[in-house]
Amino acid sequence: MSGESIGARKAAHLDICTDAQLYDVEGSSTMLDELRFVHRSLPEVRSSDVSTATRVLDFDVSMPVFISCMTGGSDSGYRANRDLAEVAERARIPIGTGSIRVLFRHPEVTEHFALKKIAPSVPVIANIGGVQLRHSPPEPLIELLKRLEVDAVAVHLNPGQELVQPEGDRDYDGVLDGVRRLCDASPVPVIAKETGFGIAPDEARALVDAGVAYVDVAGAGGTNWVTVERYRLDESQAQTAAEFADWGTPTALLLDAIGGLDGRVLASGGLRTGMDVAKCIALGAQSAGLALPFARAVVAGGVDAGLELAERLRAVLTTVMILTGSRSVADLRGAPLLRSREFAWMRDELRWATGARSEGRA
């Protein structure tokens, strides 16, 4: 693809995702609404002793929240990235870039992804597609990561989106080996993430065994990238894509089925509120990522709107911590949750189904 066509596609993605009145791109459910905290009427904590601060990727950050990998490669994406990076720096939370794949063919847009100079005191996470690692040596990517001065790289796994893109990849064999090679060679931590359909428990374990620092489950319940692509397709292709409007495994189910995975789990996929963040932390996530809410905030109201969202997340998270008797984020991970009967049943089914498949019994 030409640089112009890549930029047009990236700009179209951002327009579709941020115009909620014109485009409905959210589907399915995270199933976070099937969970409730146990309220403590005697929390026995002082508000002044409660801290949302935590540590991620060897950085001290203000709360267990990150701005999930977003966009880049277009003028509108560049403006959004700059604003998001300023939000991240001022709110002291990590930020991810859009896919840096475009830089291998079009280094002239490197500035779109050079966020470290805007957010020097927080983790900046680059982003590359898993299919790009299949049969390529990791050295060119590593050189690019060094030039961007990022603190980690996220490998996104998005076969659902690729399959409906007319220009998308169609071959997915060898991705896990590519992730393993990158983990062996990378000077920065590697994160594996989905893009809204989820990483199953057996896959999460395989990725940790391959060497990733974190697995971001990125489950269903938020932006459905098949639906996003549907708005770019002709009528016949769009009808096929429409059948996948509810595809994916809900974020909350994945978190509960996977467990803490030795502190290697991140949560994203449909998170919209501080309560969503708090529930994900209680399910064992080290940090929780939001993409669409931050994108919509800065597109509509710039940096100030992004900072207002970050402060609202922090305020809700703090209140939840007080009402559950949690002085620290680590305490919140031990806070009890009530699960609906349907949720508990589906979690157990997910564990059985993926365990059976990994052992060849399915």
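The figures that follow rest on heavy atoms only: side chains count, while hydrogens, waters and symmetry mates do not. As the structure is a computational prediction, the values presented were derived from the model and not from experiment.
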Item to check | Evaluation steps, side chain to side chain contact (heavy atoms under 4.5 Å, CB included), between Arg264 and Val215 | outcome: CA-CA 6 Å; Arg264 303 283 192 91; Val215 174; 5.6 Å; no
Checklist entry - How close do Val212 and Cys183 get, heavy atom to heavy atom, and via which atoms? => result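 Looking at all heavy atoms of both residues, the closest pair is N-SG, 3.6 Å.
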Next on the checklist: Against the six-membered ring of Phe104, is Arg101 placed for a cation-pi contact (under 6.0 Å from the centre, within 45° of the normal)?
Outcome noted: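 No cation-pi geometry.
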Between [atom1] of [X] and [atom2] of [Y], what distance do you get to the nearest 0.5 Å?
X      : Y      : atom1 : atom2 : answer
Ser47  : Arg327 : OG    : CZ    : 11.0 Å
Ser68  : Leu271 : OG    : CG    : 9.0 Å
Leu144 : Ile100 : CG    : CD1   : 4.0 Å

Next on the checklist: Assess whether a salt bridge exists between Asp151 and Lys116, defined as any Lys/Arg side-chain N lying under 4.0 Å from an Asp/Glu carboxylate O.
Outcome noted: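 A salt bridge links Asp151 with Lys116.
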Checklist entry - Can Arg181 and Glu139 be counted as an ion pair, charged N to O under 4.0 angstrom? => result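 No salt bridge links Arg181 with Glu139.
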Next on the checklist: Would Thr54 and Val61 count as a side chain to side chain contact (heavy atoms under 4.5 Å, CB included) here? Give the steps.
Outcome noted: CA-CA 6 Å; Thr54 189; Val61 296; 3.6 Å; yes
Next on the checklist: Using the rule side-chain hydrogen bond (donor to acceptor under 3.5 Å, both in side chains), only one of Arg105, His106, His112 pairs with Glu108; which is it?
Outcome noted: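 Testing Glu108 for a side-chain hydrogen bond (donor to acceptor under 3.5 Å, both in side chains) against Arg105, His106, His112 leaves exactly one candidate, His106.
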Item to check | Arg90 vs Val303, side chain to side chain contact (heavy atoms under 4.5 Å, CB included): CA-CA, chis, key distance, verdict | outcome: CA-CA 10 Å; Arg90 291 171 60 179; Val303 172; 3.7 Å; yes
Checklist entry - Among Glu34, Arg347, Arg36, which one satisfies side chain to side chain contact (heavy atoms under 4.5 Å, CB included) with Arg339? => result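 Of the listed options, the one satisfying the test is Arg347.
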Item to check | Ile95 side chain near Ile93 side chain, heavy-atom distance below 4.5 Å | outcome: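 Side-chain contact under 4.5 Å: no.
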